[in-house]
Amino acid sequence: MKNIKKIRSITELEQTIAHEVQKTKSQTKPILTVSAGTCGRARGSMKVIGSLEKVIKKENLEDKVQIKVTGCHGFCEAEPNIILQPQDIFYQKVEPKDAKDIVLSTVLENRILDRLLYLESATEIKALNENEITFYKKQKRVVLGDNALIDPTDIHDYLSTGGYSALGQVLSEGDPESVIKRVKRSGLRGRGGAGFPTGRKWDFARRAKGDSKYIICNADEGDPGAYMDRSLMEGNPHRVLEGMIIGAYAIGAQEGYIYIRDEYPLALRHITLAIAQAEQMGLLGKNILGSGFNLSIHISKGAGAFVCGEETALIASVEGKVGEPRQRPPFPAVKGLWKKPTNINNVETWANIPIIIQKGPEWFSQIGTNGSKGTKIFSLVGKINNTGLVEVPMGITLKEIIFDIGGGIPDDREFKAVQTGGPSGGCIPKEKLDLPIDYESLTQAGSIMGSGGMIVMDEKTCMVDIAKFFLNFLRDESCGKCLSCREGTQRMWEIVKDISEGKGKNGDLELLESLALAVKDASMCGLGQTAANPVLSTLRYFKEEYEDHIKHKKCPALVCKEIVSSPCQYICPIDQEASVYIALIAQEKFEEALKIIIKDNPLPSVCGRVCHHPCENVCRAGESGEPIAIRSLKRFIMDWALEKGYQPHINQQRSDNNTKIAIIGAGPAGLTAGYLLNQKGYAVTIFESLSVLGGLLAIGIPEHRLPKALLNSDIENIIQSGVHIETNRALGRDFSIDDLFQKGYKAVFIATGAHQPMKLNISGENAKGVIQAMDLLKSVNLGEDVKLGERIGIIGGGNAAIDAARVSIRNKKCKKATILYRRTRKEMPAFEEEIESALEEGVDIQFLVAPIKVLTQSGKVAGVECIRMKLGDLDSSGRRRPIPIEGSEFEVELDTLIPAIGERPDISFLGDKSQLKISKWGTVEADNESLLTSREGVFAGGDVVTGPKTVVEAIAAGKAAAESIDKYLTGKRMDKEYKLNRPSIYVEPVELTEEEIEKATRPKMPKLKPQARQHNFKEVELGLTKEIAIKEARRCLRCELETEEGKMAIGWKK
Amino acid sequence: MNVETQKVKELIEKHKSQRRALIAILQDIQAEFNYLPPESLRFVSETLNIPLIDIMGVATFYRSFSLEPRGKHLVTVCMGTACHVRGGLKILDEFEKKLNIRPGETTQDGHFSLETVACLGCCAIGPVVVVDDDYYAQTNIRKVDSIIKKYMKKEKKNEEHKKN
């Protein structure tokens, strides 16, 4: 940086500014502007700069290419980023190894490096510069925009953007009162959080009596999640200083302080340097620019106390005391620092002043809404794709910020709430996304503007946990002066903590609310007065979530550790203790692992093959790697047991309870209910209408996925335990419900499933050659002869469609099997592993295709007319719906068409006299908890009630039915009891080797080679070997050991 | 006057022995000694004529001060809202487990101290962990191990140096 010459007059200042502006305009050297705020540096910008310098030196370009190190450009997600001038190219996520290419290709040869361009996820087009990036397009960066132009360590750079010309203008006018008038007219309100009109505040300070006055810049920025002040201080410190000097002049202050928090070392360095340079240039000190105005600015460092963001606490801290707020009035404008009139403003407020002077208050007041003028910088963080600092005009909607600028929620998750205003603010739910942002509207919605932190939350965020988080923060930061705040935040935290641990009681919510209102009412400063906001706003919009924690001991977002324990067990519909049997596998205790599995699961071999593994979807190992292969580990144990000839231990208690129970349907729900009721000593008979047992397990899922031998071994265990099953006995055809009760059955459980396929409802659907997937699979599974053609088309995207396709391609006649699905692969409901296997076997899948009509020739299928689909605009939940592309119709030649778009229960067997209430979707209505239907003594569960769901959910229905029927028959209440999710035993953890910690990954399931699968139904997945199973089991994070109970059980010292 | 007290004297004089500079003086002492030694507080009390109880009040009010010697490496885990939403608590748990200390404590060998901070203002790269002056972005459970190892290696090297 060149020497700083002292400027002694306003004219000289104007000349210097003009000179710097001109110099920059006429600059022809290529410039590489690197974003290097704290975050950028944490991501490696300094290393990038180092690499660039090396390359430039090597190529002897030191005088020809300039590297400019600036503060942050606001698009944190893209950092480290570089803006190349004069081409105006924006490179993102730059790494040191890119340096050579950037200099040699782009700078010297004007060749663009495609890989470094930002990719717009919405359009899938690469953006060349900021103007093409949606993140930037909707912003109005009047304050933050200059960050990209300025080297914050060189005051001349600030001058080159016209900096300090506003100061020059103000001093040459010589009319401090008019400055205040202009600030008033602009409508600027404090940006620190309270939003008090700035001009009015300056007026109070000006009019106050006092021989010495002070200005203060509040750079404490304590709100977690807010960092716009840091960005301004790091990237454009002179802008803040200029605002302060103008303000001090207007008010009549001769000394100023910048109170900056301890945790911002880079900002501190830059502002300290800026002050020194301003002094050297004569813009601070005595007789500034010959105007007779004196001002010196000092730095006062915070020492880690959130409450010091409150103005009276801040003042106490500057005075060297404990940061306790005091009563107001008197306000600091009248009696502030050392009891003198003091004007405190936030960093962003000060930074707005120069542009209000330069462009005039009318220009400023045209931006924004009636009550809230100008722009506001928000820090958009949390569960959002484009994290960064966004500066927008007041009045823009939350939806635009989150979905347009922010790019929506990562991983396509659902938006849940956005928290604004820090610990003094509240959470705003998705119903209020159209809210225009201004001070008043946010307050009405139960939040506040605050300093501008905007923390986006998705479905995996627990609102009870968020309330607990903020209360923990506030009780820690409470200065302790007021009983209501000191005790109140502590007690509120304790209540919410109990709720989050499953210890909540009735009456807690009412107590919480009344406590919150008392704290709000009786506290002296802003911290206490707003401490209740996070609690009150989450209660307002998410009361159900609190009630779930209290009444059901459930955390829907799976966050609260004491409630969830191990998420695999928590989410399992049948409460399988996955982490326990996995821990036992890790120790080679296979027999004990088997016992854990079968105690909760009467169809374990089946589940080990075909369960949809909700456990794996919530496995915590999957959050920073791959989930544990839980289903494969279960399968490993079941295969081991089969090999060893293990008979599951069955407790055959025969009490003299001969109460008869009838179960209709030998599918997973019926078999489970039958098994469990028999264990309890009841005399159970299962009536199955087909000649085979297992329901869809037998006639739906093909052999190559679930070998009949395995299914039958599970069913044989159940029969061996004493359950009596009669085949070829159909309810409706052979007997009625009345008959059963007449014959002495005391309870009936209907579990007939959902086997009736849904029609496509397009013309030609009844032609020859159209065969429903359900019918095809049933025939193949029963060993019947099936006539399929050569070119087979399957409509649908679920497991039935994939099953039908894989069965088709095994048929000797089939030359080609094509699945036609109306959405994209990402949205296909079929198991990912099934889709992969189908593709391996040569099945063709066409996405974004929907059938319009079946083409026939002489009554036989000749093809299907389809239309192409595209994903439409984002709807209110942030997802894209498929819409047809007009004029894109095309034909697919086929001789067999297999619809597989869903199933419904066939309840025609019930007739008119069953007395069972039927829903509008054709399912049997049954109570959620007790499974009781509208008829006394008749229960129903599984797909016949819910519509098509999964195997394990059917087993869960069977379990629930058994519990419920037992309670019913013994005169107990059929309410569900809610217990905390806990394992039955705590197994010692294993010690992982270093190599394991770093390198262990999820094993791939070994499969039959595709050639070996042709034309046969051999099982495709081959199972893990013992060594691999043990290795994988060791990778488990053992989440159940993280609860207090778990920690104590294995002797963890805490 | 011993070496430490001499140093404290210099720090007080650097701030022109002003009572109002108490917090700044304590910050300098903290930076110099890695904590606030009780003797230094007594000295400040006598020199600036501030009751020791008031100085203790300030020293215990502000989070950045420590009355116990801090470890060679200060691990600071950010507990701000954005980091929390991204799983910051798990990172803290993992450090607690691996170092076997709670926030505010120092390991037996004096190598590590663990602290939490309400927000570092680096929300975009959360969860954030700072060790000494090094910022770690997007930390996860696996990275915790490698972070601790990195500084353990440093300490081993230092010890070997000392031996030689």
Side-chain angles (χ1 to χ4, degrees), chain A residues 38-39 41-43 76-77 79 221-227 229-231 262-265 300-306 317-324 379 381-383 387-388 419 422-423 453 455-457 461 465-466 469-470 473 476-477 479 620 623-625 997-998 1037 1042 1052-1054, chain B residues 18-27 30 48 50 54 57-65 76 78-90 93 96-97 100 102 115-126 128 130 133-143 145-146 149:
Chain A
T38 302
C39 301
R41 290 173 194 229
R43 280 226 182 138
C76 310
E77 196 58 42
E79 285 195 326
E221 197 164 58
D223 275 358
Y227 57 103
D229 292 351
R230 172 176 70 71
S231 183
D262 192 32
E263 293 88 338
Y264 285 172
S300 181
K301 263 172 64 176
F306 172 73
S317 190
V318 175
E319 293 177 357
K321 304 185 196 129
V322 162
E324 269 179 15
S379 54
V381 294
K383 303 290 186 73
T387 349
Q419 208 274 346
I455 302 171
V456 182
M457 301 168 182
T461 312
D465 178 69
I466 291 294
F469 169 84
F470 280 121
F473 176 83
D476 212 17
E477 298 289 347
C479 78
R620 295 234 197 268
E623 283 170 17
S624 56
I997 296 177
E998 278 174 31
L1037 296 176
E1042 299 293 316
W1052 210 287
K1053 287 194 203 69
K1054 256 293 165 162
Chain B
Q18 289 186 316
R19 287 190 65 165
R20 60 172 66 170
L22 174 63
I23 293 174
I25 292 170
L26 292 181
Q27 282 169 331
Q30 169 89 29
L48 294 182
I50 304 173
D54 285 352
V58 169
T60 53
F61 180 86
Y62 293 99
R63 186 189 296 274
S64 62
F65 297 132
T76 307
C78 181
M79 304 304 292
T81 320
C83 288
H84 177 87
V85 155
R86 287 189 182 181
L89 200 54
K90 270 182 243 146
D93 280 352
E96 285 184 30
K97 219 181 354 181
N100 210 9
R102 308 205 69 189
E115 290 286 350
T116 60
V117 69
C119 177
L120 290 163
C122 300
C123 317
I125 55 172
V128 182
V130 181
D133 289 323
D134 304 321
Y135 282 73
Y136 294 92
Q138 271 128 354
T139 335
N140 58 40
I141 303 182
R142 282 155 210 267
K143 286 188 190 168
D145 222 40
S146 59
K149 266 197 213 112

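Note that the structure is a prediction, hence the values are computed from the model and not measured. Each chain gets a letter, A, B and so on, in the order its sequence line appears, and its residues count up from 1.
For A:E221, no part lies near chain B; criterion is any non-hydrogen pair under 4.5 Å. Using a 4.5 Å cut-off between heavy atoms, B:A24 does not touch chain A at all. In this structure, chain B has a heavy atom under 4.5 Å from the side chain of A:E477, while its backbone stays farther away. Of the two parts of A:E623, only the side chain, counted from C-beta on, holds a non-hydrogen atom closer than 4.5 Å to a non-hydrogen atom of chain B. Neither the backbone nor the side chain of A:P423 has a heavy atom closer than 4.5 Å to any heavy atom of chain B. For A:D223, the part lying under 4.5 angstrom from a heavy atom of chain B is the backbone only. Only the side chain of B:Q138 has a heavy atom closer than 4.5 Å to any heavy atom of chain A. Of the two parts of B:K143, neither the backbone nor the side chain holds a non-hydrogen atom closer than 4.5 Å to a non-hydrogen atom of chain A. With a threshold of 4.5 angstrom between heavy atoms, B:V58 approaches chain A through its backbone and through its side chain.
Contact count versus chain A (heavy atoms, under 4.5 Å) is highest, among B:R19, B:Q30, B:K90, for B:K90.
Applying the salt bridge (charged side-chain N to carboxylate O under 4.0 Å, His left out) test to A:R230 and every residue at least two apart in sequence or in another chain returns A:E234. Under the rule for a ring pair (Phe, Tyr, Trp, His ring centres under 6.0 Å), A:Y264 has no partner lying at least two apart in sequence or in another chain.
With B:R63 contributing its side chain and A:A303 its backbone, the two residues share no donor-acceptor pair below 3.5 Å. The backbone N or O of A:G302 lies less than 3.5 Å from a partner atom in the side chain of B:Q27, making a donor-acceptor pair.
Between B:I23 and A:S317 there is a side-chain heavy-atom pair separated by less than 4.5 Å. Looking at A:C39 and A:E79, their side chains come closer than 4.5 Å, going by heavy atoms from C-beta outward. Within the 4.5 Å cutoff, the side chain of A:C479 has heavy atoms near those of the B:F61 side chain.
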